[in-house]
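Have a look at the structure below before the remarks.
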Amino acid sequence: MGEMKLWQLQEALTGATYRMAVTTLRRMMRWLGLPEEKMGTLTVYWLLDGRSDGRRLSAWVMSLAWSNGFRPEPVRPWRSLNELA
């Protein structure tokens, strides 16, 4: 499983097309500041490598969610505490 490429993992988990998987990876790589040339070499092992303290996994999951329509609610720091309850 560690040698499985990330685009293959996304295809297996979500039924995404190759194009959608590449879009997700491209967004993740941009967020992490990585060169796009490495995109084809990214494996599950690389994603779960503990030296990144979960940054890679978090960026991939957020990019995957973004690709599937998730949009976080904008931050509104002026909200009263009553609205949060």
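Remember, predicted model here, so these are calculated numbers, not experimental data.
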Using side chain to side chain contact (heavy atoms under 4.5 Å, CB included) as the criterion, list what pairs up with Leu48, not counting sequence neighbours.
-> Val44, Leu57

Do Ser58 side-chain atoms and Arg55 backbone N/O form a donor-acceptor pair below 3.5 Å?
-> no

Do Phe70 and Leu64 touch side chain to side chain, with heavy atoms closer than 4.5 Å?
-> no

Residues 15-24 vs salt bridge (Lys or Arg N to Asp or Glu O under 4.0 Å), sequence neighbours excluded, gives none

Same apolar cluster (I L V M F W Y, side chains within < 4.5 Å links), Leu13/Val61 = yes

According to the side chain to side chain donor-acceptor pair (under 3.5 Å) rule, which pairs have a member within residues 7-17, sequence neighbours left out?
-> Gln10-Thr24

So which pairs with a foot in residues 27-36 pass side chain to side chain donor-acceptor pair (under 3.5 Å), sequence neighbours left out?
-> Arg26-Glu36, Arg27-Ser63, Arg27-Ser67

Cluster check Leu47, Met39: I/L/V/M/F/W/Y, side chain < 4.5 angstrom = yes

Supply the atom-to-atom distance Met28 CE to Leu32 CG, rounded to the nearest 0.5 angstrom.
-> 5.5 Å

Hphob cluster co-occupancy, Leu9 + Val22, side-chain heavy atoms under 4.5 angstrom | yes

Rounded to the nearest 0.5 Å, the CG atom of Leu34 sits from the CG atom of Leu42 at a distance of 7.5 Å

Test item: Tyr45 and Glu3 side chains (from C-beta on) under 4.5 Å apart, heavy atoms = no

For Asp49, check side-chain hydrogen bond (donor to acceptor under 3.5 Å, both in side chains) against everything at least two apart and list the hits.
-> Arg51

